[in-house]
Each structure stands twice: as structure tokens, then as C-alpha cells.
Asker: 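Have a look at this one before I ask anything.
All chains are named by letter (A, B, ...) in the order of the sequence lines, taking the proteins before the strands, and each is independently numbered beginning at 1.
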Protein chains: 2
Amino acid sequence: MAALWRLSILSNGASELNDMAPRSRSPGPRAAHDSVDHTGENRVSDDEVFARIHSAIAQQQLPPGTRLREDEMRQIFGVSRARIRNVFSRLAYAGVVTLEPNRGASVTRPSVKEAREIFVARRTIEATIVAEVAQRITRKDVVRLRDHIAREVDAEARRDRAEMIRLSGEFHLLLADIAGNAVLKKFLTELVTRESLVIAAYETPGRPSCSNHEHSRILEALVLKDADKATMLMQEHLDAIVSRLDLDRNSSQSIDLATIFS
Amino acid sequence: MAALWRLSILSNGASELNDMAPRSRSPGPRAAHDSVDHTGENRVSDDEVFARIHSAIAQQQLPPGTRLREDEMRQIFGVSRARIRNVFSRLAYAGVVTLEPNRGASVTRPSVKEAREIFVARRTIEATIVAEVAQRITRKDVVRLRDHIAREVDAEARRDRAEMIRLSGEFHLLLADIAGNAVLKKFLTELVTRESLVIAAYETPGRPSCSNHEHSRILEALVLKDADKATMLMQEHLDAIVSRLDLDRNSSQSIDLATIFS
DNA sequence: ATCTCGATGATTGTCAACAATGCAAGCTCT
DNA sequence: AGAGCTTGCATTGTTGACAATCATCGAGAT
């Protein structure tokens, strides 16, 4: 039961409890002839379910190890088990969910090795994206990015941690959009989410993220079309994220168990 | 029914190219009741089916646009439709198969834009991999790579085109193995296959690939641990692959129809 | 007290039947 | 003949039931 409450984050943005009627909620306060739902039933596509779970993980609403039961999910999204299963399968391929035979799905708990691999991969891809953005950035893009950073500052002022995490990841995806390479964006989306899992697993408490200032500096370099500087700042930014973690302690923890009982 | 013959290449498990693990970890030591097999037949896992189709596409045995009917596949692999469907879903996420509602699955026909994005992404990732390999390559690795290139030369001497394609892609995945980054290897596996599709769609006939010599030069640089040179050679190698294609002509073809009849 | 073993409920894995959809051939009417 | 409609077939989409498996918990033995 507690688990179902926890997962209720996934249901529609409105803070409603887990609705027992899976489909066709048709919220009352809306006008009768609203433009919604012209096909009778409000069907949720598999891609939507995928995206919902994916971003919930990215925003650290589902910590590593969280079990994702098929039946719960079926109720929450109002789809059949077969489709949930399909979504899990893709999420597993994306590396954000772990499937164990006859044990079902759970949010991936990344290993230290995996964490390091993710960082390396992300550095590589972000470098290319930044270089690309420096070449093709427009005034309109600059406005969008400034606006985004303003929202980040605002979220930090309000101490809205969930929003900060969301916006922080979104900034990088925005850059990927501007770079205009869908393949790289897909990879980066996956990496951002997986890195979010790493942070959730290995973060040292109390250290502020404060990444909006770093984002701001990267943007300034991009405005000047200084690709080298922007790349360098991006690398520093990503390294700073890593430096806030403690990968060694936790890795030695698992060694402890092995050595102590030998 | 001619289509079934064409797809029958999938049934024999002759060549195991990239045996990547598309799913999550499945720790072997659970082998107590591993092959229960109450049906009397050797069950193939979803991952196997995934890998088979994936590598068949990588080896250009299934050209772009090939329809993949659920029932055919069910017969070929001896699994139920539900599982085929799951596999298709993951292949679609990997970008090598395209799913259209109520139309089913077909091998992706990459657009020119997509092709360019794939090349950029691949260049990025291969650069990181090569740099990593230059640092950590061992004598044993060198032997493996030399051996592999020897097989490439042999395949070329025998004019075994299918084998050449297979080995050529495998060389890069071998480097990814040596680099030891599973995340990057997964990305590269996907990119190699998608690039294979691009080649199948846009290749200019008659131009030999002859990549084993380029592979050889890259290896020599790696033996000397000259990361810069190896990276440069790799970039040239990848550019050479692109230069053998004709992306512009085919893109203008589709424009032709629009302009001529206007 | 702790360990082993077995029963039980919860959860996942599999499948086959049924419904919905799209495609193509044939038919009708002008 | 040709445009539009209808019908039949091939294929995909969905669902629910059933089988297999795992986790939990308690009884009994050491």
C-alpha cells in the first residue's frame, strides 16, 4: 500500500489519489465541450507511459531499487499488463530499469563501474553537442536558454528541490535540441536519467548543487560562439557533478562484506 | 511466402556477431533450474531473438524497408507472438526497426538527416573509445586484433562480402570491448547497425570497402599507444565510409518528384 | 534459539482466442 | 472505362485466463 502511494507520483499531475477507475476520468470542473477526448476514451499510448516513468526516474521521484509491480502500474496508467510489460522491456533496454526473471522490474541501482562509464559517455556526448551549439546558436535560442536559467534560479530561491533537478537536466536536453541531432539527444536523455540514478545512489548529503551559475557561464561562452571555452566549462560542470558524489566509500562498503566474512 | 525464404537467414545461428546484452543483468549462477524446458524443445530467450534480428540487420541481410511480419517471425524462432512483439518494441527503441500503428514492423529506412546524425554520433563515440584503448591496450588485445584483421583480409581474398561486412563492424565492437565501457559499447552497437542500414540505402555500387587496411593502420598506432594518431586515423576511416556513399543524390531524388510536377 | 522444510499467497511468464484495422480485389453505377 | 463503394482476407492490437515461480511465514526438529 505504501508502495502504491509512492508510485502515485506517476499519475496525472493533479494531486489526486490513485484513482480506482483506470480510464476516462473526465475531470468534472472542465467545460463540457472542451477539446479533450474526442475519441470517446482517453487512451494513453505506450510512449507516454514510457516517458512518464522515464522522467519520474530522472527527477528522482523513484529512487534506485524501487520495485515496479505490473499490476500497480496497470492501475495507475489504466493500461493492460501486456503494454506495461512492453514499456518495462524498453526501459530495461534503456538501462533505467532492471528486469530479473520471475522477480519483475525495479529501478536500476547503478554500480560504481556503471556510474563511471556513464560519466565518460556523457562527457563525450556533451562535448560534441556544445561544439555544435556554439556553431549554430541563434538569438532565439539564447532567449530560450536565458529564460530557462531564470527558472532554475527561481526554483533554487524557492528551495524547490524537485523542480531544480528537473530543470537542471532539462537544460542539457535543451542544448541537445539546439544542436539538432536526434540521435545524440536520445543518448543524452538516457544518460541524464541514468546519471540521476547514480546521484540518488551515491550523493553526499548537504552539498548544494547550485548548477545554474555554471549553466549561466556556459551560456555566456556560447553567446560569444567560443566553442573551446564552452566545451571546457561544460567539462568542468560535469566534473563538478561527479565531485559531489562519493563513489569510493560505497564501493568499499560492498567490499567490506566480502572481506569481513572470509 | 517468398518473404519467408528471405527471412530464413535468421533461423540458422551461424554467425554470432554482437552478443550484446540488450536487457539487464542476468547473473549466471542461477543455473540450478536453468534449462527447465518442460516443452522438450530448446527455448530461445527474447534476448537471443533480439540479437539475431539485430545482427542480421547489421550484416545487411535484411535491407531497409523489409517487412517483419509477426507470424513469420513467430514461426522462424518458434516463440509466441507476444514475445516477438516485445522484441520488435525494443528494436524500434534501438532505431533499427520502425513500427507503424496497425501496419506492423519493418526494417528502418534511414533518412538523410538521420544518416548524418548517425555519422556525427559515431565519430564522437569512436574517438573516445580509441583514446581509451590507446591507454589500456595489452599484448593480448593486440593479438586478438591482429587475428581479427587477418580474418578480414581472408574474407576479402575470398570475396565473401557478407563476412566482410560482419567482420568490419565487429572490429569496432572489439575496440569497444577493450575500452571496457559497456555504455559506450551499447551505443556503438546501435550506431554500427544503423550505419549499416544507411550504407545499404545509399551506397554507390562498385566501390570496394577495403577497410581492413585502414583497420590495420589504426591498430599500428594503437600498438605505439599514440592516441592522437589513432584518433586521427579513426576519423579518416569513418569519413572514408561516408565518402563512399551518395547522400545528396538520393535526397534530391525525393525533391525531384515534388519540383517536376509543380 | 535457530535451522530446515513445506504450504500458501502474491507476482510474473506464457499463450491462444477474440476484436479491430488496413489492404486489395471485385462490384455497381454513371 | 473510371470513381466510389463493398466485401473478404491478412495482419496487427488487446484481453483475460492459466501456468510457473518466488517470497513469506509458521511448524517441527535439533
Side-chain angles (χ1 to χ4, degrees), chain A residues 1-4 6-7 21-24 39-50 53 65-93 97-107 261, chain B residues 1-4 6-7 22-50 53 65-93 97-107:
Chain A
M1 277 308 156
L4 208 152
R6 150 135 260 154
L7 289 176
R23 277 192 200 168
S24 70
T39 61
E41 295 254 354
N42 217 350
R43 286 196 60 87
V44 187
S45 75
D46 290 13
D47 290 345
E48 282 177 75
V49 177
F50 179 94
I53 300 176
T66 306
R67 281 200 66 184
L68 304 174
R69 265 172 274 265
E70 293 178 358
D71 204 53
E72 270 178 47
M73 298 308 227
R74 186 185 64 71
Q75 287 182 10
I76 290 172
F77 292 107
V79 300
S80 68
R81 266 185 65 213
R83 299 177 60 192
I84 283 291
R85 228 141 198 289
N86 246 25
V87 170
F88 282 176
S89 183
R90 270 188 288 168
L91 286 168
Y93 181 75
V97 151
T98 300
L99 293 178
E100 283 174 292
N102 292 313
R103 302 282 317 278
S106 59
V107 179
F261 302 106
Chain B
M1 286 310 132
L4 206 151
R6 152 135 257 154
L7 290 176
R23 274 228 190 159
S24 54
R25 60 190 79 133
S26 58
R30 194 174 282 274
H33 29 49
D34 204 356
S35 54
V36 185
D37 199 351
H38 54 85
T39 62
E41 292 207 14
N42 256 348
R43 289 188 55 87
V44 280
S45 73
D46 291 10
D47 291 349
E48 282 177 76
V49 177
F50 179 97
I53 299 176
T66 307
R67 280 200 66 184
L68 304 175
R69 266 173 272 265
E70 293 179 357
D71 204 54
E72 272 178 48
M73 298 308 227
R74 187 184 63 72
Q75 288 181 10
I76 290 171
F77 292 108
V79 300
S80 68
R81 270 184 62 215
R83 299 177 60 193
I84 284 291
R85 251 153 171 276
N86 242 24
V87 171
F88 281 175
S89 180
R90 271 187 287 166
L91 286 168
Y93 181 75
V97 151
T98 300
L99 292 179
E100 283 174 292
N102 291 314
R103 302 282 319 277
S106 59
V107 179

Asker: If only atom types and distance count, is the side chain of B/R69 paired as donor or acceptor with the main-chain N or O of B/G104 below 3.5 Å?
Answerer: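 Judged by distance alone, no pair lies under 3.5 Å.
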Asker: Kindly point out which of D/dT14, D/dG13, D/dC22 is positioned nearest to the side chain of A/R83?
Answerer: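 Minimum distance to the A/R83 side chain belongs to D/dT14.
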Asker: To check you understand the geometry: which heavy-atom pair defines the closest contact between B/S106 and B/G65, and what is its length?
Answerer: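 Nearest heavy atoms, B/S106 then B/G65: CB-O, 4.0 Å.
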Asker: C/dG13 P sits how many Å from B/I84 CD1, rounded?
Answerer: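 Atom-to-atom, B/I84 to C/dG13, this comes out as 17 Å.
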Asker: How many Å lie between CD on B/E70 and C1' on D/dG13, as a whole number?
Answerer: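 Checked: the CD to C1' distance equals 8 Å.
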Asker: Once you round it to whole Å, what is the distance between C1' of C/dT12 and CG of A/N102?
Answerer: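 Rounded to the whole Å, the gap is 6 Å.
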Asker: Do the ring planes of A/F50 and B/Y93 sit parallel (below 30°), tilted (30 to 60°) or perpendicular (above 60°)?
Answerer: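 Judged by the thresholds at 30° and 60°, the geometry between A/F50 and B/Y93 is tilted.
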Asker: In whole Å, I'd like the distance from the CG atom of A/L99 to the C1' atom of C/dT12.
Answerer: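 Spelled out: CG on A/L99 to C1' on C/dT12 is 11 Å.
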Asker: Measuring to OP1 and OP2 of D/dT14, would you say a side-chain N or O of A/S80 lies under 4.0 angstrom away?
Answerer: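 It does not, given that no N or O in the side chain of A/S80 lies less than 4.0 Å from OP1 or OP2 of D/dT14.
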Asker: Which of these nucleotides, C/dT11, C/dC15, C/dG13, is closest to any side-chain atom of B/A82?
Answerer: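 Given the options C/dT11, C/dC15, C/dG13, the side chain of B/A82 is closest to C/dC15.
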Asker: For B/Q75 and D/dT11, give me the distance from atom CD to atom P, rounded to whole Å.
Answerer: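 For the pair B/Q75 CD and D/dT11 P, the rounded distance is 10 Å.
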Asker: Tell me: CZ of A/R74 to C1' of C/dT11, nearest whole Å?
Answerer: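 Going from CZ in A/R74 over to C1' in C/dT11 covers 13 Å.
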Asker: Any side-chain N or O of B/R69 less than 4.0 Å from the OP1 or OP2 oxygen of D/dT11?
Answerer: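 Affirmative; the distance criterion is met.
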Asker: OP1 or OP2 of D/dT14 sitting under 4.0 Å from any side-chain N/O of B/R85?
Answerer: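 False: B/R85 side-chain N/O out of range (4.0 Å or more) of D/dT14 OP1/OP2.
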Asker: So, does B/R81 get its side chain near the phosphate of C/dA16, meaning an N or O under 4.0 Å from OP1 or OP2?
Answerer: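 For B/R81, the contact criterion (side-chain N or O under 4.0 Å from OP1 or OP2 of C/dA16) is not met.
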Asker: CZ of B/R103 versus P of D/dG13: gap in Å, rounded?
Answerer: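 Distance, rounded to whole Å: 11 Å.
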Asker: I need the minimum non-hydrogen distance between A/D46 and A/R90, along with the two atoms involved.
Answerer: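 The answer is CB-NH2, 3.4 Å.
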Asker: Tell me the closest heavy-atom pair linking A/R74 and A/V79, and the distance in Å.
Answerer: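 Scanning both residues completely, I find the closest heavy atoms to be CG-O, 2.5 Å.
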Asker: For B/F88 and D/dT12, what is the distance between atoms CZ and P respectively, to the nearest whole Å?
Answerer: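 That distance rounds to 8 Å.
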